[in-house]
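A quick write-up on the structure given underneath.
The residues of the chain are indexed from 1 along the displayed sequence.
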Amino acid sequence: MKAMIFAAGLGTRLKPITDRLPKALVPICGRPLIEHVFSRLEQAGIHDFVVNVHHRADQIEAWVREHPDDRTVVFSDERDLLRETGGGILHARPLLEGGEGRFLVHNVDIISDLDLKAFVAAARPDALATLVVSERKTRRYLLFDGDSRLVGWTNVETGEVRSPYGPIDPEKYRKLAFSGIHLISEKIFPLLEGRGEKFSIIDFYLSVADRCPIYGYVPERLQMIDVGKIETLDQAETLCQALGV
């Protein structure tokens, strides 16, 4: 199986560190974030990677060349345009197709103890995508029905609700936070065509959830840190030490 690592982001919430480093190379416990993600995926038996690059792309490419290990890495070059998550997946289509019919996507700034093998094994064969979600506190939640199928999205601060089914009551559904890790069927690519070069994969999921099965996967006792801002760096260090990575 192939895995795509989202490493193209500007890392604006990690300034001033990202004035000199791309987010992917921000060190946690003495290792860059991208190395933590490589290691987690390799432990699950994945050694074939696509990494998208934009901000300080040369530094990421140089680090990968200098740390080859036992992995194959190709780059999806977005230097010309930062395409967001959905556009990034579509842009990488030629690099992602031809695997096992599905591929895993992992944000570079996520550190967790997720059992990736168990996650992949639990994915339903009919799923267009399976999203790792949890009950952590946030402002924006994905909404799932009793069969763990995606039905919508809500912002609990503003009260905004979005669903392809029309008006829905978010209180009737399970509210779960997306982790930035998902398993996607290659059947997604024709559906992504025609949406332009730059768009969100979550917006796409919400637009097709009524006709394409998209499920949530809730791991037991997930420990996870989104290393997206300066305040989370100490928490990430603590989690890494606890996990021994």
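Here the side chains of Leu10 and Thr18 are not in contact, with every heavy-atom distance at 4.5 Å or above. In this structure, the side chains of Ile168 and Leu143 come closer than 4.5 Å at one or more pairs of heavy atoms. Put simply, the side chain of His55 does not reach to within 4.5 Å of the side chain of Ile60, judged on heavy atoms. At least one side-chain heavy atom of Ile28 sits under 4.5 Å from a side-chain heavy atom of Val227. Using a 4.5 Å heavy-atom cutoff, the side chains of Leu176 and Glu135 are in contact. Within the 4.5 Å cutoff, no side-chain heavy atoms of Asn52 are placed close to those of Phe75. In this structure the side chain of Phe49 reaches within 4.5 angstrom of the side chain of Glu42, judged on heavy atoms. Contact of the Leu233 side chain with the Leu14 side chain is registered, since non-hydrogen atoms from C-beta on lie closer than 4.5 Å.
To the nearest 0.5 Å, atom CD of residue Gln235 and atom CD of residue Glu231 are 8.5 Å apart. Put simply, CZ on Arg13 and NZ on Lys229 are 6.0 Å apart, with the number rounded to the nearest 0.5 Å. Rounded to the nearest 0.5 Å, atoms CG (Asp48) and CE (Met1) are 11.0 Å apart. Ser112 OG to Gln223 CD: the interatomic distance, rounded to the nearest 0.5 Å, is 9.5 Å. Atom CD of Glu97 sits about 5.5 Å away from atom CD of Glu186, to the nearest 0.5 Å. One finds the CG atom of Asn107 at 10.5 Å from the CE atom of Met4 (value rounded to the nearest 0.5 Å).
One hydrophobic cluster, built from ILVMFWY side chains closer than 4.5 Å, cannot hold both Ile46 and Val50; they sit in different ones. In terms of hydrophobic clustering, with Ile, Leu, Val, Met, Phe, Trp and Tyr side chains grouped at heavy-atom distances under 4.5 Å, Leu96 and Val73 are assigned to different clusters. Residue Phe103 is not grouped with residue Ile110 when hydrophobic side chains (ILVMFWY) are merged at heavy-atom distances under 4.5 angstrom, including chains of intermediate members. Both Ile230 and Ile225 are assigned to one and the same hydrophobic cluster, defined by single-linkage of ILVMFWY side chains at heavy-atom distances under 4.5 Å. Taking hydrophobic clusters as Ile, Leu, Val, Met, Phe, Trp and Tyr residues chained together by side-chain heavy-atom distances below 4.5 Å, Val108 shares a cluster with Ile111.
The closest side-chain donor-acceptor pair between Glu160 and Asn155, if any, does not fall under 3.5 angstrom. A donor atom on one side chain and an acceptor atom on the other are found under 3.5 Å apart for Ser207 and Arg195. Residues Ser39 and Arg31 have side chains that bring a donor and an acceptor to within less than 3.5 angstrom of each other.
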>> As a quick check of understanding, evaluate salt bridge (Lys or Arg N to Asp or Glu O under 4.0 Å) for Asp58 and Arg79, giving each step before the final call.
In response: CA-CA 10 Å; Asp58 293 350; Arg79 286 176 174 86; 2.6 Å; yes
>> Using side chain to side chain contact (heavy atoms under 4.5 Å, CB included), reason through Arg140 and Thr154 one step at a time and then give a plain yes or no.
In response: CA-CA 6 Å; Arg140 296 180 290 271; Thr154 187; over 6 Å; no
>> Set out, in order, the CA-CA distance, both residues' side-chain angles and the distance that settles side chain to side chain contact (heavy atoms under 4.5 Å, CB included) for Val161 and Trp153, then state yes or no.
In response: CA-CA 6 Å; Val161 179; Trp153 171 95; over 6 Å; no
>> side chain to side chain contact (heavy atoms under 4.5 Å, CB included), that's the test. Do His47 and Thr72 meet it? Break it down for me.
In response: CA-CA 6 Å; His47 299 275; Thr72 299; over 6 Å; no
>> Let's go through Arg124 and Asp126 carefully: what are the C-alpha distance in whole Å and the side-chain angles of both, what is the deciding distance for salt bridge (Lys or Arg N to Asp or Glu O under 4.0 Å) to 0.1 Å, and is it a yes or a no?
In response: CA-CA 6 Å; Arg124 305 187 198 189; Asp126 66 321; 5.4 Å; no
>> Run Cys212 and Leu191 through side chain to side chain contact (heavy atoms under 4.5 Å, CB included) and show every step you take.
In response: CA-CA 10 Å; Cys212 300; Leu191 302 174; 3.9 Å; yes
>> Apply salt bridge (Lys or Arg N to Asp or Glu O under 4.0 Å) to residues Arg56 and Asp19 and explain how you reach the verdict.
In response: CA-CA 9 Å; Arg56 298 191 175 274; Asp19 288 335; over 6 Å; no
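The two residues Lys23 and Asp109 make their nearest non-hydrogen contact at NZ-OD2, 3.0 Å. The shortest non-hydrogen separation linking Ile201 to Thr85 is N-OG1, 2.9 Å. Between Glu61 and Val53 the shortest heavy-atom distance is OE2-CG2, 4.0 Å. Smallest separation of non-hydrogen atoms from Tyr165 and Ala209: OH-O, 3.5 Å. Minimum interatomic distance between Arg102 and Ala123 (heavy atoms only, all atoms of both residues): NH1-CB, 3.8 Å. Considering every non-hydrogen atom in both Leu192 and Gly86, the closest pair reads CD1-O, 4.5 Å.
Side-chain atoms of His106 never come within 3.5 Å of backbone atoms of Val37 as a donor-acceptor pair (strictly under, hydrogens ignored). For Arg136 (side chain) and Leu222 (main-chain N/O), no donor-acceptor pair under 3.5 Å exists by modelled atom type. Without hydrogens or angle criteria, Glu78 side chain to Arg83 main chain gives a donor-acceptor distance under 3.5 Å. For His91 (side chain) and Asp77 (main-chain N/O), a donor-acceptor pair under 3.5 Å exists by modelled atom type.
Salt-bridge formation is detected for the pair Glu193/Arg93: a Lys NZ or Arg NE/NH1/NH2 atom is positioned less than 4.0 Å from an Asp or Glu carboxylate oxygen. Under the 4.0 Å criterion applied to side-chain N and carboxylate O atoms, Glu157 and Lys137 are not assigned as salt-bridge partners.
Under the 30°/60° scheme for interplanar angles, the aromatic rings of Phe119 and Tyr217 are found to be tilted. Between His182 and Phe6, the two ring planes are tilted [angle within 30° to 60°].
When each of Phe199, Tyr205, Phe204 is paired with Ile202, the side chain to side chain contact (heavy atoms under 4.5 Å, CB included) condition holds for Tyr205 and for no other. Here the options are Ile5, Val120, Thr130, Ile184, the test is side chain to side chain contact (heavy atoms under 4.5 Å, CB included), and the partner is Leu104; only Val120 passes. Of the candidates Leu131, Leu183, Asp147, Val133, Tyr215 forms a side chain to side chain contact (heavy atoms under 4.5 Å, CB included) with just one, namely Asp147.
Remark: Arg71 is positioned above the aromatic ring of Phe38, its terminal NZ or CZ atom under 6.0 angstrom from the ring centre and at most 45 degrees off the axis. A cation-pi geometry, defined here as NZ or CZ lying under 6.0 Å from the six-membered ring centre and within 45° of its normal, does not hold between Arg174 and Phe144.
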